[in-house]
Amino acid sequence: MKRLKTPFNMHHNDLLKKDRRIVILAFSFLLVSMFSLSAQTPRQDSGANGLDTVQQVLVGNKLPADFWSRKVKIYNQGDTAFVELSKYKGKSFILDFWSTTCGTCISGMSDLIKIQKSFGKELNVLLVNSYGKLDTYQRIHKMPVDVLRTNDLSSVYADDYLIKLFPHRTFPFYVWVDQNGTVAALTLKRLVEMENVETFIKYNRLYEKFN
């Protein structure tokens, strides 16, 4: 017997299609997460007193309890300041690890600016310089490409806390965190696209609604 297409059925089918897209992306994140997780070895760094101070955060883990109260050194359009990470709390959150010697990192910043402008109400974006204290203020500020001098896109620099939390060998390297502070995925650049970010935010919103 042929089923009639009523407005309710059509709306229901549209919702199912949207949910299916969300599930597909979530599955993609899961695959990336599983790969990332299998490729990582938990790392601990010892302080001068011999106690473990920073432990690597893996996919599926929550950020450390003191993460949001940490202050990091920020570069923004030539200005610098110490900013508490709580500024980025409560929204979907993408950390972009980069360096001044990485052309792909720098060329990808314009995409992040567009993403940040499109989803600013539900997404926070923060660059993290992967070279710690090697990429100085001068090296960042005098880059031939002026993307950071002329756009409101902040970067952590001269700080190794986030590098120790998320050690990596290649960059750009992206950490996707949901609004509850759980690491959802660790990816390379190819997944950082407008559509994927939109679906990530929708998935987080849907998850929060039903939990």
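FYI, side chains are in, hydrogens and waters are out, and symmetry mates aren't considered; it's all heavy atoms of this structure.
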Could you grab the distance from atom [atom1] of [X] to atom [atom2] of [Y], nearest 0.5 Å is fine?
X	Y	atom1	atom2	answer
Met143	Gln138	CE	CD	12.5 Å
Ile115	Leu153	CD1	CG	10.5 Å
Lys202	Glu198	NZ	CD	4.0 Å

message: One pair to check against ring pair (Phe, Tyr, Trp, His ring centres under 6.0 Å): Phe171 and Tyr131. What are the steps and the verdict?
response: CA-CA 11 Å; Phe171 37 79; Tyr131 274 1; 5.8 Å; yes
### Task
Just do the side-chain contact (heavy atoms from CB on, under 4.5 Å) check on Leu127 and Leu95 with the steps written out, would you?
CA-CA 6 Å; Leu127 303 183; Leu95 293 161; over 6 Å; no
Between the side chain of [X] and the main-chain N/O of [Y], is any donor-acceptor distance below 3.5 Å?
X	Y	value
Asn151	Leu148	no
Asn124	Tyr88	yes
Gln116	Asp152	yes
Asp178	Gly181	yes
Arg149	Ile140	no

Minimum heavy-atom distance [X]-[Y], with the two atoms named:
X	Y	answer
Ser155	Asn129	OG-N, 3.9 Å
Lys73	Ala158	CD-CB, 4.4 Å
Gly108	Lys189	CA-CE, 3.5 Å
Lys91	Lys121	CE-O, 3.4 Å
Ala185	Thr187	CB-CG2, 4.0 Å
Ile163	Ser130	CD1-O, 3.5 Å

A side-chain contact here means heavy atoms from C-beta on lying under 4.5 Å apart; do [X] and [Y] qualify?
X	Y	answer
Leu186	Val183	yes
Ile94	Val177	no
Lys87	Trp68	no
Lys164	Gln56	no
Ser69	Ser86	no
Val83	Lys71	no
Leu126	Val156	yes
Asn180	Lys62	yes

- prompt: What pairs with Asp96 under side chain to side chain donor-acceptor pair (under 3.5 Å), at least two apart in sequence or on another chain?
  reply: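 Scan of Asp96 (side chain to side chain donor-acceptor pair (under 3.5 Å), adjacent residues dropped) gives none.
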- request: Go through the structure and list residues passing side chain to side chain donor-acceptor pair (under 3.5 Å) with Asp159, not counting sequence neighbours.
  value: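 Here no residue qualifies.
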inquiry  = Is it the case that the ring center of Phe97 lies less than 6.0 angstrom away from the ring center of Tyr174?
reply    =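 Aromatic pair excluded; centres sit 6.0 Å or further apart.
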Do Phe166 and Tyr161 have their ring centres less than 6.0 Å from each other?
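Here the rings of Tyr161 and Phe166 have centres that are no less than 6.0 Å from each other.
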For Phe67 and Lys89, run side-chain contact (heavy atoms from CB on, under 4.5 Å): C-alpha distance rounded to whole Å, both residues' side-chain angles, the deciding distance at 0.1 Å, then the answer. CA-CA 10 Å; Phe67 178 88; Lys89 188 177 183 180; over 6 Å; no
Q) Can Ser92 and Trp176 be said to form a side-chain hydrogen bond (donor to acceptor under 3.5 Å, both in side chains), step by step? A) CA-CA 8 Å; Ser92 296; Trp176 303 60; over 6 Å; no
Would you call the rings of His168 and Phe173 parallel, tilted or perpendicular, taking 30° and 60° as the class edges?
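Correct class here is parallel.
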- Can Gln179 and Phe93 be said to form a side-chain contact (heavy atoms from CB on, under 4.5 Å), step by step? CA-CA 7 Å; Gln179 68 271 27; Phe93 186 26; over 6 Å; no
Begin from the C-alpha positions of Lys114 and Lys117 and carry the test side-chain contact (heavy atoms from CB on, under 4.5 Å) through to its verdict.
CA-CA 5 Å; Lys114 293 176 184 176; Lys117 287 180 178 178; 5.9 Å; no
Problem - Carboxylate-amine/guanidinium contact Glu84 Arg70, below 4.0 Å - result: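 Salt bridge between Glu84 and Arg70, a charged N being under 4.0 Å from a carboxylate O: no.
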Test side-chain hydrogen bond (donor to acceptor under 3.5 Å, both in side chains) applied to Asp135 and Thr100, step by step: CA-CA 7 Å; Asp135 265 346; Thr100 58; 2.7 Å; yes
